[in-house]
Amino acid sequence: MNPVDLALLLLGVSMVVAVHRILIGPSKADRGVGSDMVFFGFVGIVAVLGLRLDSALVVDIVLVCTLVGFLAALSLARLVSGGKR
Amino acid sequence: MTDLLRRTALIVWFPFFYGFRVVVSSLRVAWDILTPGSAAAPAFVEVPLNARTDLEVTAIANMISLTPGTFTMATRLDPPTLWIHGLYTAHEQDFLHEIHQMEDYLLGITRPHGAPARTDTEVPR
Amino acid sequence: MTPNEVLAVVCAITGAFIFAVGAFGLLRLPDFYGRLQGISISAGLGTALLLLGLLLWFPTPENVLKIGLALLVQLATVAVGGNALARAGYLVGTPAAPNTRHDALAAADPNDPMHED
Amino acid sequence: MTLAITIGVLTAGAVYLILQRGMVRIVLGFVLLSHAVNLLLMSAGGVFHRGEPLLDRGVGEPLADPLPQAFVLTAIVIAFSITIYMLTLAATGKGDDTEDDS
Amino acid sequence: MLLLLLLALLTVITVFSFVIARFAGRATGWPLAAMLALLTLLVLVRGPDLWNGGPALEASVPWMPSLGVGLNLRMDGLAWLFCVLVLGVGALVMAYSARYFPPGRRTGFYTLMSAFALAMTGLVLADDLVLLFVFWELTTICSFYLIGLSGPAAARPAVRTFLLTALGGLALLAAVVLLWVRTGTTRISVILDDPTWTQDTGFATLVAALVVVAVFTKSAQFPFHYWLPDAMAASTPVSAYLHAAAMVKAGVYLAMRFSPAFADNAFWGTTLIVFGLTTALIGALFALRRHDLKELTAYSTVSQLGFLIAVIGVGTPQALIAAAAHTLAHALFKVTLFMAVGVIDNRTGTRDLRRLGGLARTMPVTAAVTALAALSMAGVPPLLGFVSKENVFEALLHTTHQPWIGPFAAIAAVLAAALTVAYSFRFVYGTFWGAQRRDPATERPREAGALLLFAPVVTASAGLILGLSVPLLDPMIERAAADATHADAEAHLALWHGLNPALGMSALALILGALLIRVSSAGERLAERRFPPVRGTAVFERIHSVVIALGVRVGDPTRTDAPTRHLAVPFVLIIVFASVMAVVGPGHGPPAGPTSRALDWLPLVLITAAVLTAVVTRSRMAALALIGLSGFATAVWFVFLGAIDVALTQLLVEILTVVVAVLVLRRLPTEFHRARPSRAVATAAIAIPAGVAAGAGAYFLTGRREPSAVSEHLLENAVQDTGGTNVVNTVLVDYRALDTLGELTVLGVAGLIIIAVLHSAGLTAMGGTRPSASHTNPIWDADDNTVIMRTVARVLIPLLMVWSVYLLMRGHNAPGGGFIAGLVGGSAFALAYLSASSASVARIRLAYPAIIAAGILVALVCGLLGFADGSFLRPLHADIALPWGGHYHFTTALVFDVGVYLTVVGVMLTALNQLGLPKGPGPEADEQDVPESIRHESATGGTR
Amino acid sequence: MTSALLPLLVAAPLVSAALSTLFTSRAVTRPLLTGTAALALLGGLVLLRTTADGRVLAHQVGLWPAGVSIPFVADTFSALMVTTTALLVLVCSFFAIATGEADRRYFAPLVLVLSAGVYGALLTGDLFNLFVFVEVMLLPSYGLMAIAGTLRGLRAGRTYVAVNLLTSTIFLAGVALVYGTAGTVHLGELAGAASESPTIAVAMGVVLLAMAIKSAVVPVHGWLVRAYTAPSPAVTALFSGLHTKVAIYAIYRLYAVTFEGQASLLWVGLVIFTATMAIGVLGAVGETTTRSILAFHMVSQIGYILLGVALFTELGLMAGIFYLVHHMVVKASLFLSTGAVEHVHGTGDLERLRGLARGEPLLALAFLGAALSLAGLPPFSGFVAKLTLVAAAFEAGHWTVAAVAIAVSLITLMSMLKIWGSVFWGRPPSPEPGVGGPGGGTATATAPAAVRIRPALVLPAVALTGVTLCVGLGAQVLLDLSAQAAAHLLDTSAYVEAVTNR
Ligand code: NA
Ligand code: NA
């Protein structure tokens with residue numbers, strides 16, 4: 001087994017934990033935290049996949065991810081606040 | 001000339017300072033997470049700032065947020081004030097001190113003549 | 001494997017571990033405001049290490065630029081997005097843990113009964 | 001096999017959501033369904049050749065079929081267009097309920 | 001030539017009447033009568049030639065030559081007879097109409113009557129099955145309109161009549177098509193001589209049954225007889241022409257025309273005789289019981305038509321002679337009676353026998369005319385009706401089909417004839433001689449003018465004259481019967497044939513009739529009784545409403561706007577399809593390579609987690625986030641499958657979907673609607689098989705062949721074909737730029753319709769969670785608290801813009817391209833929107849619809865430039881020498897991508913600006929919360 | 001005309017759409033809308049002329065090798081469809097201009113894009129491109145559906161979008177499976193593939209299933225009825241003429257090319273389409289508004305049209321194609337004539353309309369002509385359509401099907417008379433006492449008759465009814481074209497050859 005797979009496993013478990021938080025809430029804000037965590041976990045997975053697949057192309061994906069991830073985070077926050085800026 | 005040297009030194013030193021702060025805070029929070037029980041004494045704390053420009057306020061607020069254990073909740077520009085959620089605020093003076101220390105480092109970098117002297121270290125409850 | 005690559009793998013695994021710790025915090029920490037700190041750990045320190053690992057694996061100048069930028073943006077996301085979320089949560093009255101010592105925000109607002117200790 | 005299972009899981013979830021009450025769940029269901037179909041399109045190109053079809057990168061593993069990728073790109077954007085319109089519809093009128101109260 | 005001329009002239013007459021009636025009013029009847037009379041004359045002069053054994057006239061104009069269908073016309077003796085009737089009676093009715101109506105416009109009436117004359121003439125002249133059917137239906141349509149012209153009360157009868165006769169028409173259509181398909185021709189004259197009739201009895205009987213239905217409905221035979229009295233809602237001239245002389249005779253004509261084919265068909269003969277005589281009986285019985293003269297006359301028509309149908313059923317040349325003669329006789333006396341009823345109605349204002357009486361004193365001419373016609377109808381010598389009816393008796397007695405039919409026919413015919421005598425007497429006596437029971441209002445009616453009486457006088461006298469000189473008709477009737485039987489017929493029409501059974505029957509009928517008259521008071525009382533218990537129209541309406549109720553039932557399952565029901569059915573269909581394929585479907589080859597790798601389980605597990613949780617959660621926000629996760633995991637799949645561009649696009653789209661969804665979700669409740677557990681089970685029962693079907697389809701139908709030829713072509717030739725190394729991108733902007741143009745249009749239109757729908761419908765008011773912190777809490781203030789975001793966004797936005805341009809430029813050779821770049825650029829705007837401190841600041845004041853349009857236009861113009869190299873969307877290439885040496889390879893594909901870029905950005909701006917508004921509808925309607933159209937929705941609601 | 005110009009049929013409306021988005025003044029949008037439609041009509045006629053002798057025009061867009069490029073193909077069938085489509089777009093545009101609807105925001109560009117999508121779908125010889133053009137057609141439709149702004153419109157709009165999106169997704173899945181099994185989505189290369197390979201047949205089956213849902217055959221017909229009762233009359237008329245017809249066209253084309261009319265599967269179609277005829281017409285009888293009746297009729301008529309392909313004989317295909325063209329025209333006419341009533345009187349409810357024939361004789365004639373045509377009565381085009389179709393069914397030995405087709409036309413007539421009897425005839429709302437007298441009738445002005453319908457609203461329906469009459473009287477022209485179209489479906493070699501060669 002490739003040692004990098006351990007990292008992927010940890011990240012995968014982290015995302016499942018975050019999914020659990022999204023599911024149980026209890027508040028919207030908690031779901032927001034879970035969602036953010038899921039997204040960051042995804043960025044992490046993509047980064048690790050770069051090592052695992054030996055593909056430099058993921059660097060582009062990571063960059064795009066982080067750029068638009070900013071949007072996602074702000075959007076979800078806006079949803080939590082019911083549109084209040 | 002001294003200002004320039006001082007700022008250069010600060011710029012070089014700051015990442016280490018901040019990185020150390022982050023790692024230590026991480027360990028503290030991680031310990032809480034990974035072990036049963038908790039040493040946390042959370043509170044929403046008001047922190048008056050010396051920072052003045054938007055950039056300064058933003059930078060300090062973000063640094064606080066990025067440090068595990070503290071999170072910026074609210075911002076006021078006039079006078080510049082942050083409200084922070086801290087996990088470990090049992091010793092509030094120490095808590096404030098750590099934040100002000102970080103602010104001073106930052107202002108030391110952003111201002112040509114270093115961080116201004118802190119006049120009011122007492123924080124109203 | 002080159003030393004660089006070994007280092008990269010170490011970074012990746014360490015980062016993933018730290019990330020997992022933060023994620024675990026989502027379960028263990030008592031309230032919304034505490035859980036936000038879990039994000040700080042995972043997405044701040046954890047992701048930084050993961051990106052560093054990636055950079056070490058593909059250490060070209062172009063990637064220094066891209067991954068550096070990505071890291072910067074990532075940290076901004078954690079801080080700014082977290083702040084926005086924290087504020088939003090507070091705005092809609094997400095309750096704090098019972099052991100919360102005091103709420104300077106509510107104290108600044110004489111009319112708000114919500115966040116009294 | 002894994003891809004096929006993924007498609008199955010996505011489809012089942014999509015169908016479940018689509019048959020629920022309320023426009024938003026229908027939209028979300030369709031988002032899932034479009035994932036499923038996009039993966040099906042990729043699958044149609046074969047799952048055994050997985051190299052990126054970029055011709056300036058030397059010869060590594062056999063390159064994936066570029067045609068389904070182009071199809072999927074087109075399909076994603078079309079689905080996105082409809083999704084944002086459907087979301088708009090969900091926010092018009094008297095809310096997103098699609099059924100009369102019973 | 002004459003035949004075509006006839007139809008052409010009739011067409012001209014129709015158009016003429018439409019034009020002239022606008023000016024001439026009711027007087028239009030005169031010129032029309034003259035013209036029809038002229039046409040009658042034209043036909044009449046052809047008679048002697050036919051009687052002398054001359055060939056039938058034929059004419060043909062192609063209509064649908066590829067089907068072999070044409071305007072094939074043929075006038076033999078039978079057609080000639082009917083043609084004379086149609087045109088001659090038409091002329092008289094037109095003349096009558098010119099005086100009958102009160103002054104005023106009658107455009108519709110005259111036009112339709114002329115059209116009807118055309119249709120009827122065409123019907124009898126048609127030698128083409130399809131053409132025959134066309135004219136057949138045209139008469140139905142004309143009848144429908146003409147009845148309906150009589151005002152609202154006539155609407156329902158018109159519809160009933162139409163539907164019933166259309167039913168017959170469809171039976172005829174079926175017969176027509178069957179014959180056409182079987183014989184390969186539509187020529188009636190050819191078909192009637194086809195050996196099929198004798199060789200395939202089953203087929204012949206089927207066709208016979210269909211023709212019978214057509215005949216019975218058109219000629220008002222039991223059990224379809226009730227439409228004719230119902231149709232009396234029409235004006236009297238219409239009744240006289242259509243419902244007495246012409247249209248109802250179409251059925252008689254058809255039956256006569258098909259006689260040669262069914263000569264040996266037992267079903268045909270038996271049915272016609274049995275039902276014909278039944279009709280004759282009950283028609284006469286009902287006629288006896290009516291007080292309304294017009295209804296009485298209508299039932300009498302039903303009854304007489306019954307005689308005709310029955311005698312046609314006998315099928316011998318002698319029977320057809322009788323039929324032809326009686327057709328003529330009936331036309332004459334029945335038209336007279338109808339016109340007389342009209343005159344009476346006109347003069348007295350009533351048609352009710354109970355209010356009429358003793359009119360003979362004041363209206364002697366009308367009385368005489370009516371009496372003549374009634375006597376002819378009753379079969380009293382020396383009128384034509386006597387001769388024809390006696391021939392009918394004679395023919396019926398010689399029925400050959402079944403042994404029992406002869407006696408039955410004789411008895412029924414005599415009974416019906418007796419009843420005829422009775423009601424004829426009742427009509428004439430009750431109106432003109434009986435006790436005066438007139439209302440003061442209708443007292444002292446004056447005789448109608450000569451012009452009005454002209455037509456009935458002509459027809460009534462014709463009945464007398466032709467009766468007296470009946471042998472003169474022999475050649476004409478002979479020829480008609482010969483053409484109707486395709487056998488030699490010898491007619492010996494005469495008032496006196498010696499003592500024979502027929503004469504006995506006539507006498508018996510008269511005696512019985514006289515007896516019936518004696519007890520006519522009993523008849524009067526009989527009329528009051530409710531009999532029969534069922535009325536035809538009631539039966540019709542019952543069937544009608546049952547069909548409608550069935551229709552409501554059939555439509556019910558779909559009568560909902562809830563999408564679920566409409567969506568469930570397709571899913572079930574897919575499952576059924578998949579199940580069937582699983583059972584009977586083909587086998588499958590082995591996979592063409594490994595179908596899974598260990599890493600694949602990562603996205604699979606993530607997707608499964610996301611889907612399972614998204615399905616169970618009731619939180620909208622959670623569902624949105626989880627769907628987002630499934631999108632990310634799908635992107636991981638794309639990475640695994642070597643689709644970097646796709647993964648990038650997927651990510652961007654996923655995020656932007658979330659951004660837009662957030663704008664929507666904040667207007668909606670926090671939680672989804674609660675659903676009953678039973679629904680969850682039912683839904684899962686569809687969802688899980690659907691998932692299995694999709695998975696199985698994916699597994700067994702993909703990944704089992706070698707790389708496709710097109711894929712190999714692309715990978716080998718992309719660089720030299722297009723100059724790009726990112727093959728996916730070259731497919732998008734070069735090889736399949738048309739797809740991309742379409743996709744781009746779709747996206748642009750999405751932007752436009754978002755604006756359009758919000759402009760007309762407006763947004764739901766803001767819902768969701770409301771902030772609970774108060775305004776004095778420092779966390780409330782949007783200006784101060786967004787400073788962090790705004791400051792960071794100020795840095796990020798330019799970065800995104802630069803990055804997006806970079807992605808655009810490099811797309812042809814590396815992951816990127818117009819869409820990805822546009823989405824990144826769109827993200828920049830989204831960021832600007834999100835980080836602004838208030839919605840009004842956030843509004844982007846760019847003309848985003850124009851950006852969309854410009855984007856599409858750029859792509860289109862780029863495509864049109866391709867015509868310079870021979871084709872739409874053909875990319876043009878140029879090597880531009882750079883000042884510092886070397887060349888830059890320029891391709892219009894890049895410009896195309898710029899168009900893509902613009903559109904994407906424009907749509908993102910649209911979504912943000914339109915959905916991001918704090919409340920209410922589009923910018924132009926800011927002042928009002930709910931648009932007018934919504935408020936008045938209930939007024940125009942429409943269906944349930 | 002040279003085949004390279006074929007894509008112009010798509011490009012020109014799109015250019016006009018972009019321009020009418022940029023310049024929203026009605027002085028620009030109206031001429032762009034009608035002018036483009038007129039040009040397309042002209043193009044369609046030229047195309048008809050060119051292909052009438054059996055020529056097939058084909059062009060590889062972008063001039064890439066066949067199989068790589070997207071081909072545009074036109075034979076008589078596609079030319080016929082293009083022409084009819086253009087005619088309908090033109091007429092409906094005039095109607096929309098008359099109602100003022102054409103001046104609504106983005107109406108013109110949406111209709112233009114819609115038409116471009118239809119032309120593209122009719123001309124493309126590539127399955128995936130067909131998917132794209134169907135979407136190009138649908139997206140503007142989604143907007144036009146909801147543009148009226150009523151709550152009912154929005155609700156129906158949601159159903160409409162959802163069902164169509166589902167169908168498109170199934171269609172796309174089918175395309176994926178076709179590529180997965182056959183390795184191509186090029187119609188020329190797929191020629192006969194489904195009849196040779198059972199796996200490809202299954203994949204094509206999914207495609208056909210999607211198209212069947214799109215064409216609203218029973219049991220997936222409910223959405224159409226709901227959808228077509230919601231938008232404005234002009235839009236409904238346009239939809240009725242174009243939408244399901246593209247799906248029907250695709251079914252004809254795809255079954256002919258890929259299955260080569262494989263006979264063993266036809267019974268499925270016969271069963272479904274016969275049920276569609278019957279259920280549709282029964283649904284129509286049960287409805288109480290003009291539009292819902294007409295919408296259910298569409299379902300029924302779709303059954304008729306598709307019978308042609310289910311028979312797959314020379315006569316059947318020809319009849320089906322004839323029926324298709326006839327139906328597009330007649331249905332639009334009916335929606336426009338009742339639409340004019342609805343527009344002026346504010347309702348299509350049979351209970352609330354009465355006695356319009358007296359005040360609006362021309363409109364009444366236009367309606368009745370089209371209604372009789374729909375019911376298959378002479379001398380209108382519907383008669384020839386029904387005649388040939390029934391003949392085809394008898395010829396193929398499917399007597400039950402023919403019987404149902406005939407019986408259904410009676411119920412069709414019944415429901416058309418239901419409209420006629422209550423909207424155009426019938427006692428006016430304020431009845432005057434006892435109208436007697438021979439040939440009498442009401443001559444006084446009634447409440448609805450007092451509101452006159454402008455000629456501009458009446459003429460579109462009159463024009464289309466005129467077309468159905470002319471097609472009925474001069475049926476041979478369309479019969480020849482349909483026969484030519486059918487010939488290329490029966491023997492696809494000419495089509496395949498054209499589309500495969502560069
Ligand atoms: Na923190
Ligand atoms: Na009515």
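Letters A, B, ... mirror the listed sequences (proteins, then strands); counts begin at 1.
- D/L17 touches chain E through its side chain: at least one heavy atom from C-beta onward sits under 4.5 Å away, while N, CA, C and O do not.
- Looking at D/T2 and E/W601, their side chains never bring a donor and an acceptor atom within 3.5 Å of each other.
- Contact of E/E712 with chain D is not made at all, since no heavy-atom distance falls under 4.5 Å.
- Note: E/R704 CZ to D/F48 CZ = 10.5 Å, rounded to the nearest 0.5 Å.
- Checked for salt-bridge contact, E/R597 and D/E61 meet the test: a charged N lies under 4.0 Å from a carboxylate O.
- Here the CD1 atom belonging to E/I607 is positioned 12.0 Å from the CD1 atom belonging to D/I5, to the nearest 0.5 angstrom.
- With rounding to the nearest 0.5 angstrom, the CD1 atom of E/I644 is 4.5 Å from the CD atom of D/E52.
- The CZ atom of D/F71 lies 12.0 Å from the CD atom of E/E743; values are rounded to the nearest 0.5 Å.
- Counting heavy atoms from C-beta outward, E/P707 and D/D65 have side chains that stay 4.5 Å or more apart.
- Within the model, atoms CG of D/L63 and OG of E/S711 stand 9.0 Å from one another, a figure rounded to the nearest 0.5 Å.
- Within the 4.5 Å cutoff, the side chain of E/L715 has heavy atoms near those of the D/P66 side chain.
- The parts of E/L604 that come within reach of chain D are both its backbone and its side chain, each placing non-hydrogen atoms under 4.5 angstrom from that chain.
- Contacts between E/R565 and chain D at a heavy-atom distance below 4.5 Å are absent for every atom of the residue.
- Looking at D/V72, the atoms closer than 4.5 Å to chain E (heavy atoms on both sides) all sit in the side chain, from C-beta outward.
- Side-chain contact between D/R21 and E/T564 is absent, with no heavy-atom pair separated by less than 4.5 Å.
- Here the side chains of E/Q914 and D/T88 are not in contact, with every heavy-atom distance at 4.5 Å or above.
- For D/A36, no part lies under 4.5 angstrom from a heavy atom of chain E.
- Using a 4.5 Å cut-off on side-chain heavy atoms (C-beta onward), D/M42 and E/W637 make no contact.
- Remark: of the listed residues E/L663, E/V664, E/L656, E/V907, E/V907 is the sole one forming a side-chain contact (heavy atoms from CB on, under 4.5 Å) with D/I84.
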> Yes or no on side chain to side chain contact (heavy atoms under 4.5 Å, CB included) for E/F672 and D/Q20, after CA distance, side-chain angles and deciding distance?
Replying inline: CA-CA 9 Å; E/F672 288 125; D/Q20 296 303 307; over 6 Å; no
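- Between E/G642 and D/P53, the closest heavy-atom pair is O-CD, 3.2 Å.
- Under the 4.5 Å side-chain criterion, counting only non-hydrogen atoms from C-beta, D/L3 is in contact with E/L641.
- In this structure, OH in D/Y16 is found 13.5 Å from CZ in E/F571, a value given to the nearest 0.5 Å.
- Between D/N38 and E/T634, every side-chain heavy-atom pair lies at or beyond the 4.5 Å cut-off.
- Put simply, the side chain of D/V77 does not reach to within 4.5 Å of the side chain of E/V746, judged on heavy atoms.
- Contact of D/T83 with chain E is made through the side chain alone, with heavy-atom distances under 4.5 Å.
- Nearest heavy-atom pair across E/R667 and D/A91 is CD-CB, 4.1 Å.
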>> What verdict does the side chain to side chain contact (heavy atoms under 4.5 Å, CB included) test give for D/V15 and E/I686, after you've listed the backbone C-alpha separation in whole Å, the side-chain angles of each residue and the deciding distance to 0.1 Å?
In response: CA-CA 7 Å; D/V15 173; E/I686 297 180; 4.0 Å; yes
